[in-house]
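Quick caveat: nothing in here was measured; it's all calculated off a predicted structure. Chain A is the first sequence line, chain B the second, and so forth, proteins listed ahead of strands; every chain is numbered from 1.
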Amino acid sequence: MTAEPAPSQEGERVLDWVTRHAARLAGTGPAPLRRITVSTATLAVHVEWAPPPAGGAAPPACPAVEGTPAAAARQDAIMVTSPMVGTFYRAREPGAAPFVEIGDLVEPGQQIGIVEAMKLMNAVQAEHGGRVAEVIAADGAPVQYEEPLLALVPDDRA
Amino acid sequence: MTAEPAPSQEGERVLDWVTRHAARLAGTGPAPLRRITVSTATLAVHVEWAPPPAGGAAPPACPAVEGTPAAAARQDAIMVTSPMVGTFYRAREPGAAPFVEIGDLVEPGQQIGIVEAMKLMNAVQAEHGGRVAEVIAADGAPVQYEEPLLALVPDDRA
Amino acid sequence: MFTTVLIANRGEIALRVLRTCREMGIRTVVAHSTADRDTPAVRLADEAVQIGPAAPRRSYLNPAAIVAAALQTGADAVHPGYGFLSESAEFAEICRAHGLTLIGPPPEVIARLGDKTSAREFAKTAGLAVLPGGGTCGGAAEAARTAAAIGYPVVVKAAAGGGGRAMTVVHEPGDFARAHAATRRDALALFGDPRVYVERYLDAARHVEVQVLADGHGNVVHLGARDCTVQRRRQKLIEETPPPTLTAAAVERLGALTVRAALTAGYVGAGTFEYVLDEHGACHFIEVNCRLQVEHPITEMVTGVDLVREQLLIAAGRPLSLRQQDIVSRGVAIECRVNAEDPSRGFLPTAGTIEHFVPPGGPFTRVDTHASAGARVTADYDPLIAKVAVWAPDRAQALARADRALEEMVVQGPGVRTGLPFLREVLAHPLFRYAKHTTGLVDQMMSTPVP
Amino acid sequence: MFTTVLIANRGEIALRVLRTCREMGIRTVVAHSTADRDTPAVRLADEAVQIGPAAPRRSYLNPAAIVAAALQTGADAVHPGYGFLSESAEFAEICRAHGLTLIGPPPEVIARLGDKTSAREFAKTAGLAVLPGGGTCGGAAEAARTAAAIGYPVVVKAAAGGGGRAMTVVHEPGDFARAHAATRRDALALFGDPRVYVERYLDAARHVEVQVLADGHGNVVHLGARDCTVQRRRQKLIEETPPPTLTAAAVERLGALTVRAALTAGYVGAGTFEYVLDEHGACHFIEVNCRLQVEHPITEMVTGVDLVREQLLIAAGRPLSLRQQDIVSRGVAIECRVNAEDPSRGFLPTAGTIEHFVPPGGPFTRVDTHASAGARVTADYDPLIAKVAVWAPDRAQALARADRALEEMVVQGPGVRTGLPFLREVLAHPLFRYAKHTTGLVDQMMSTPVP
């Protein structure tokens with residue numbers, strides 16, 4: 001859809017407005033800006049972003065996104081996933097050391113973080129052991145049920 | 001669905017009616033009778049036949065019905081089909097000899113019947129030659145476009 | 001009432017007619033081409049007759065095949081749907097000669113109102129305003145004088161035409177002679193009739209039409225008006241009722257005028273009188289459609305009247321059970337035509353097989369479609385895949401609902417493209433939202449490059 | 001108005017709520033279990049949050065998961081649909097405590113009307129007739145005396161019950177003590193609350209309910225009544241409006257009584273008051289449903305009111321824009337619930353994958369479904385696949401239309417069986433056609449052997 005041709009003076013103002021806001025708008029969407037429609041007289045603004053690269057709103061059913069190096073690493077990894085929907089914390093309290101860091105050896109049953117839902121702090125434990133290859137969910141991030149939090153790689157010593 | 005329980009005398013009459021008509025009804029449908037529903041007081045009759053064995057109302061797209069001996073014979077046959085929707089006649093006029101009979105040799109282009117539509121008599125010609133293996137459409141039968149009329153088997157002498 | 005109705009059409013309209021027949025307990029026979037063997041209307045029909053190959057000339061446009069199919073299946077009436085033979089006076093005559101009731105007006109009415117020149121003359125006598133213009137029985141010179149008297153731009157149209165074909169807009173007197181000759185040639189080629197007429201051309205017009213029902217006993221009612229201004233290639237894309245720019249009183253006046261004209265014409269059946277509205281809001285008669293229209297569902301949604309049912313009752317000789325005061329229109333209804341076509345390539349029809357098909361549903365949403373997963377879209381026929389119609393108490397809600405319905409619809413498959421995204425762009429267009437659009441809207445949208 | 005609504009439900013009702021939110025420009029978040037990851041509501045939502053595994057206790061019945069999902073997605077309101085947490089006063093409290101608007105009545109109203117004993121007591125004070133009966137705070141002996149005073153047959157029901165569970169019909173005084181004890185045990189097991197009450201049991205009853213809308217400003221209107229007499233396993237199968245055995249005046253009286261009761265209760269939101277009609281046509285209150293109901297589409301079809309839209313406006317604090325005189329009911333609407341179940345095996349739910357799915361369409365036909373080709377039907381949830389609702393000017397035409405719609409519907413796939421043929425048998429049954437059926441119809445049909 002395209003902008004209605006506006007009288008020249010109004011056109012100037014609109015173009016100015018678009019220019020000033022385009023950069024700001026570009027940063028707010030999930031993907032590059034694709035189209036801005038402005039309609040004068042009664043002001044209708046229509047901003048469209050390119051479709052997000054992946055499934056968008058779909059839940060993270062499969063953590064592996066093919067083609068990225070991290071994804072390749074994750075192929076053989078054991079995922080520690082969230083046991084519930086809530087907020088993920090890597091440490092027992094703000095400022096404390098994380099439960100685990102990349103490179104740490106994790107034993108089966110070891111606590112690797114906390115998921116908080118409705119003020120209840122729920123310990124997240126690794127079901128299987130392994131070495132921490134990647135911390136997938138950031139500290140304080142909202143996570144869904146079964147969303148991957150950590151990637152472990154099997155380790156003989158674990 | 002089942003019949004409403006009727007007062008005994010009415011019940012007798014209804015049962016009698018059903019018995020008398022069941023046999024007649026059985027012959028009218030495309031398949032065995034499956035169910036008769038009778039409702040008294042305001043008289044609702046519901047008669048249901050088993051679903052017809054084949055595709056029912058579907059047009060005769062494929063003439064072969066597997067499992068019958070004729071069908072087996074038709075597998076290799078060349079079909080002469082109707083060039084239009086209308087009434088098929090095997091002879092030039094009532095009482096005259098049919099254009100072709102079973103066992104006749106038919107040459108390419110030979111007339112094998114007539115299809116009448118809106119008083120126009122259209123000659124039906126065999127596109128390919130062969131020996132008449134089966135006359136599929138009866139004299140005077142309504143036929144659809146591309147409905148098989150005759151089955152020919154290839155014959156070296158044709 | 002009829003025992004058996006033969007449906008001489010295909011696609012969604014065959015299904016539409018079948019549905020009402022089934023609801024009325026009338027047996028249905030669907031006459032179909034080889035290409036339509038596996039369609040829902042054929043699957044659901046009590047009986048189906050294959051009448052010819054895919055080419056319409058030898059099937060849906062072949063009166064002999066249709067009449068033969070009707071006679072051999074014991075049909076007592078034929079429903080022609082829209083398009084194909086639905087407005088052929090000759091076909092209506094043939095049906096009558098074979099003792100078949102054609103569901104539509106009598107042949108004489110079709111002959112008089114189907115020809116655009118005679119319909120124009122009729123409209124004048126019936127008191128309907130027509131655009132300045134006239135027939136051109138004389139030569140090119142007389143036609144040019146007519147054009148000059150009308151004032152440019154003018155349009156030269158085939159008298160026997162329809163569907164936006166054999167129709168040329170002329171902006172300059174110097175171009176007239178050539179355009180006149182070319183249109184006569186096109187008219188002869190397309191309709192077998194070289195007669196043309198000249199009319200003032202309205203650049204920025206709105207298209208409005210009035211639905212009428214007339215029985216064989218002198219009763220005529222109208223069911224309000226539809227706005228069909230959104231068109232591409234002179235074919236309707238989005239229709240709505242009531243027309244957003246007409247007041248209820250204006251619709252009532254136009255309706256009353258149309259009823260009087262239909263009475264004068266001896267009209268019988270369901271029909272539509274089409275008008276253009278100029279920039280001053282004045283109404284000018286253009287033509288009559290002697291049949292059910294594609295966009296009839298929106299009238300059904302606001303009035304609650306099943307138009308196919310009324311057609312069948314009228315054709316069976318029943319007097320109308322509806323009086324004008326019984327017809328109460330409620331709310332706003334909008335129909336979007338989902339075509340298998342590519343708007344970015346001039347609305348070129350696309351062909352393919354539909355693999356995923358999810359029609360919209362839910363509140364106040366009606367879908368008329370013959371498509372489903374596995375259906376083939378062929379180039380043999382009209383590219384219409386589905387009609388999505390919605391109802392709401394007011395226009396703003398109806399527009400939002402239409403957009404919601406189109407958004408949730410899925411039509412996917414190799415080669416298949418649809419107008420769905422384009423329809424949503426129209427719904428979102430400020431000119432359309434403010435009902436300030438004209439028949440030029442789609443061209444405006446296509447010609448302004450995307451930044 | 002809300003910016004973002006979290007939909008805490010699944011299946012067709014999640015889609016239903018999403019549609020109206022979309023039409024109103026409200027952002028939607030769909031909270032879903034792992035089993036529902038690939039459903040249309042998730043596909044169409046602005047955002048989706050996976051809240052737990054297939055088991056409802058850990059997802060759709062888990063208040064913590066739903067509240068966490070609402071908070072992390074910035075939702076300001078939660079729509080609970082029907083079933084699951086939609087009538088949980090506790091969940092309503094939790095939402096309130098977390099600053100979320102639950103779309104439904106306030107927790108106190110749910111607590112008072114959701115408990116069947118207190119709802120019964122409330123109804124009496126509000127002037128609604130109730131069946132003879134009473135709570136049984138005392139022991140079994142007192143309960144038996146109550147039963148004797150009422151007269152047999154009686155039904156023993158869980159105070160906290162619903163959905164036809166923990167409910168025992170007793171025909172003989174000698175059976176009472178055992179039935180009373182068993183129902184208490186069931187009630188404790190199912191609802192965590194052993195309280196039961198005793199009520200006269202109507203063998204041959206009709207089930208009628210009144211739809212109300214109440215805002216937070218003391219305005220209450222009713223939208224007529226629905227008849228939900230056709231039930232299997234005490235769950236509704238076919239609903240229609242208006243009730244075919246009540247006159248318009250009787251519906252109006254029942255509506256007015258219900259409006260007064262809703263006002264007395266301080267009701268806010270959309271709600272339904274359920275009644276049984278005995279063989280003399282007298283109405284007795286049974287219960288209140290503090291939520292949207294499965295069968296709400298038929299009320300929408302006759303009134304033109306979008307009930308979900310009204311729910312959202314009310315929850316946002318708006319005063320009702322509809323006055324009682326604005327609500328004009330037109331024609332008859334019927335809904336048929338198409339379940340994945342096998343009527344010949346006691347309506348046992350069936351599971352499988354749908355390969356072919358063709359919903360009905362065309363005139364005056366509404367389909368609410370989350371199913372499509374490729375959809376899995378699992379045993380995890382309610383077997384409802386689709387609701388097919390039709391409208392017509394009168395009941396005879398509506399019945400014919402419902403049958404036509406069910407006939408054209410296709411739901412096929414390995415393991416999948418549906419109630420479609422059985423629904424058509426109900427529509428054709430003389431007792432149903434003459435509206436002389438009672439809640440016992442389905443049992444009558446199933447117990448009479450096919451000849």
### Message
Is D:V358 close to chain C through its backbone or its side chain, or both, or neither, when contacts mean heavy atoms under 4.5 Å?
### Response
side chain

### Query
Tell me, do C:Q324 and C:H222 make a side-chain contact under 4.5 Å, heavy atoms counted?
yes

### Contacting moiety of C:R401, where chain D heavy atoms sit under 4.5 Å
both

### Query
Heavy-atom distance under 4.5 Å between the side chains of C:W391 and C:P393, does that happen here?
yes

### Message
With a 4.5 Å cut-off on side-chain heavy atoms, are C:D38 and C:R376 touching?
### Response
no

### Summary
Honestly, the part of D:Q397 sitting under 4.5 Å from a heavy atom of chain C is side chain

### C:E240 side chain near C:E295 side chain, heavy-atom distance below 4.5 Å
no

### Task
Identify which of D:A392, D:A389, D:P363, D:P360 forms the greatest number of heavy-atom pairs closer than 4.5 Å to chain C.
D:P363

### Query
Between C:R395 and C:F432, is NZ or CZ placed under 6.0 angstrom from the six-membered ring centre and within 45° of the ring axis?
yes

### Pairwise side-chain contact, D:E300 with D:H296, heavy-atom cut-off 4.5 Å (strictly under)
yes

### Message
Heavy-atom pairs under 4.5 Å with chain C: which of D:G304, D:P40, D:A373 has the most?
### Response
D:G304

### Query
Side chains of C:K387 and C:V294: does their closest heavy-atom pair fall under 4.5 Å?
yes

### Query
Roughly how far apart are D:C21 SG and C:R404 CZ, rounded to 0.5 Å?
11.5 Å

### Task
Could you verify whether a donor N or O on one side chain and an acceptor N or O on the other, from C:T20 and C:R16, lie under 3.5 Å apart?
yes

### Message
Can you tell me which portion of C:S372 sits under 4.5 Å from chain D's heavy atoms? Options are side chain, backbone, both or neither.
### Response
side chain

### Task
For D:R226 and D:T299, test the side chains for any donor-to-acceptor distance below 3.5 angstrom and give the result as yes or no.
yes

### Residues of residues 328-335 of chain D near chain C, each having a heavy atom less than 4.5 Å away
D:V328, D:R330

## Note on the structure
Among residues 305-313 of chain C, those lying within the under-4.5 Å heavy-atom range of chain D are C:V305, C:D306, C:R309

### Task
Taking the side chain as every heavy atom from C-beta outward, state whether D:I354 and D:V377 have any pair of such atoms under 4.5 Å apart.
yes

### Query
Do the side chains of D:V17 and D:N9 get nearer than 4.5 Å, heavy atoms only?
no

### Query
When rounded to the nearest 0.5 angstrom, what is the spacing between CZ in D:R291 and CD1 in D:I13?
9.5 Å

### Query
So what's closer than 4.5 Å to chain D heavy atoms on C:P297: side chain, backbone, both or neither?
neither

### Task
Flag the one option from D:R366, D:R22, D:E12 with the top tally of heavy-atom pairs under 4.5 Å to chain C.
D:R366

## Note on the structure
Ranking C:D403, C:L399, C:T365, C:T303 by heavy-atom pairs under 4.5 Å to chain D gives rank one to C:T303

### Query
If you measure from CD on C:E408 to CZ on D:R19, what distance do you get to the nearest 0.5 Å?
4.0 Å

